[in-house]
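Here the structure comes first, spelled out in structure tokens, and everything after it is commentary.
Note that the structure is a prediction, hence the values are computed from the model and not measured. Residue numbers run from 1 in the order of the sequence given. Read the numbers this way: they start at 1 and go in the same order the structure lists the ligands and their atoms.
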Amino acid sequence: MIIVLKPRADAQVVNHVLERIAALGLTPHLSQGVSRTIIGVIGDESKLATLPLQAIEGVEQVVPILKPYKLASREFHPEGSAFEIKGVKIGGGGLAVIAGPCAIESEDLLVEIAGRVRAAGANILRGGAFKPRTSPYSFQGLGEEGLKILQAVGEQFQMPVVTEVMDPRQLEMVEQYADILQIGARNMQNFDLLKECGRTRIPVLLKRGMSATVKDLLMSAEYVLSEGNRQVILCERGIRTFEDSTRNTLDLSIVPNCQLQSHLPIIVDPSHGTGRPELIPAMARAAIAAGADGIHIEVHSCPERALSDGPQALVPDQFDRLMVEIRALADLMGKTITSQTGETAVCAPC
Ligand code: PEP
Ligand code: MN
């Protein structure tokens, strides 16, 4: 349930309510918005039967959350969540442009790609060091060596970095290098991994499982949030359907759908969503127009030589052209592309 406090409830009132809930052995979750303070109580709510919450000075309303996800729900946090990761704003009008190769292959190559995507206006660098490949014989990623390269290149170009963690046993290593932990589609319901990432305070990019419903995705986000990590970014990357002319079916309706039900930022990955470079720009534009808080694009300077996901990579020149459109659209949607160095991408002259 959620406890909505009166508009002018001061710190004393808030602390009093928090203490009374904790004394019952329940964990209160505080959501302090601009106009309202809300306290979520998750767990065995029957324990609250002995506590007449309505009678506490400063409490305005006690409302049950009917949805199975609580901390991820809009009811708990009526304003959209916004995070700042090394100066890059995601949500609250901040647009994330995450770009880079599918896998980290070498330092030289990553420097080349990062230089190009940064110059074009991307504000977060991506690259996988642990790759969830369908075949055990395909390139599995460079592991820690790759993470070191990613961190160094991110620092060189002043971009926060995102990389996938596939297993709870990798977390201790990955968290030393990553600014954002990516949980891939295949691991969206790896509950131990979700809980472990929830115990860190590193933002999590949670990709939708290929057969996950919107509710499944939000329940997975709830696992991370319930461990105390409030920085979860949802990511649509396409789902499996009967359609086989695209790698997946990109479900753009999830953007407004999630925004109605949840306060979490949501971004869109048209690279995995379509698997076809010629479709990616249109889907990236559509994602921004649908209100997404960001896009996630794979870029490689020589797709035919890429060790992973080459067929869906944009080359830097294509990414340059896409970014001209993205900047203009961001402007139109009232979004800003902020960066670690503080400059804001402006609409390129037409
Ligand atoms: C990736 O980002 O390279 C990746 C493997 O994504 P997904 O988990 O969406 O397939
Ligand atoms: Mn990939």
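- With respect to Arg208 and Asp216, no salt bridge is recorded, no charged nitrogen being found less than 4.0 Å from a carboxylate O.
- Ligand-side atoms of ligand 1 in range of Cys102: 3 (O), range being under 4.0 angstrom from any heavy atom.
- The shortest N/O to N/O separation between Ala185 and ligand 1 falls below 3.5 Å.
- One finds a salt bridge joining Arg36 and Glu60 here, because a Lys/Arg side-chain nitrogen approaches an Asp/Glu carboxylate oxygen to under 4.0 Å.
- Asp309 has its closest N, O or S atom to the Mn ion (ligand 2) at the position named OD2.
- A salt bridge does not link Asp309 with Lys131: every distance from a Lys NZ or Arg NE/NH1/NH2 to an Asp or Glu carboxylate oxygen is 4.0 Å or more.
- A salt bridge is absent between Lys6 and Glu57; no separation between the charged side-chain nitrogens and carboxylate oxygens falls under 4.0 Å.
- Where the criterion is an N or O separation shorter than 3.5 Å, residue side chain and backbone included, Asp309 fails it with respect to ligand 1.
- Residue Gly184 has at least one heavy-atom neighbour below 4.0 Å for each of these atoms of ligand 1: 8 (O).
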*Check step by step if side chain to side chain donor-acceptor pair (under 3.5 Å) holds for Arg133 and Gln140.*
CA-CA 7 Å; Arg133 305 307 298 278; Gln140 303 286 306; over 6 Å; no
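- Only one option out of Ile233, Ile180, Val88, Val232 pairs with Phe83 in a side chain to side chain contact (heavy atoms under 4.5 Å, CB included); it is Ile233.
- Between His272 and ligand 1, an N or O atom pair is found at a separation short of 3.5 Å.
- As for Glu298, its N/O/S atom nearest the Mn ion (ligand 2) is the one called OE2.
- Counted by atom type alone, Tyr223 and Gln189 present zero donor-acceptor pairs between their side chains at under 3.5 Å.
- Residue contacts with ligand 1 include Glu298, since one or more of its heavy atoms lies under 4.0 Å from the ligand.
- Nearest protein heavy-atom neighbour of atom 6 (O) of ligand 1: Lys207 NZ, 2.9 Å.
- Summarising the contacts of atom 9 (O) of ligand 1 with Glu236, Lys131, Arg237, Arg208, the nearest heavy atom is found in Arg237.
- Nearest to atom 2 (O) of ligand 1 by heavy-atom distance, out of His296, Arg126, Met188, is Arg126.
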*Starting from the C-alpha separation in whole Å, work towards a yes-or-no answer on salt bridge (Lys or Arg N to Asp or Glu O under 4.0 Å) for Lys148 and Glu145.*
CA-CA 5 Å; Lys148 287 185 178 157; Glu145 189 198 333; over 6 Å; no
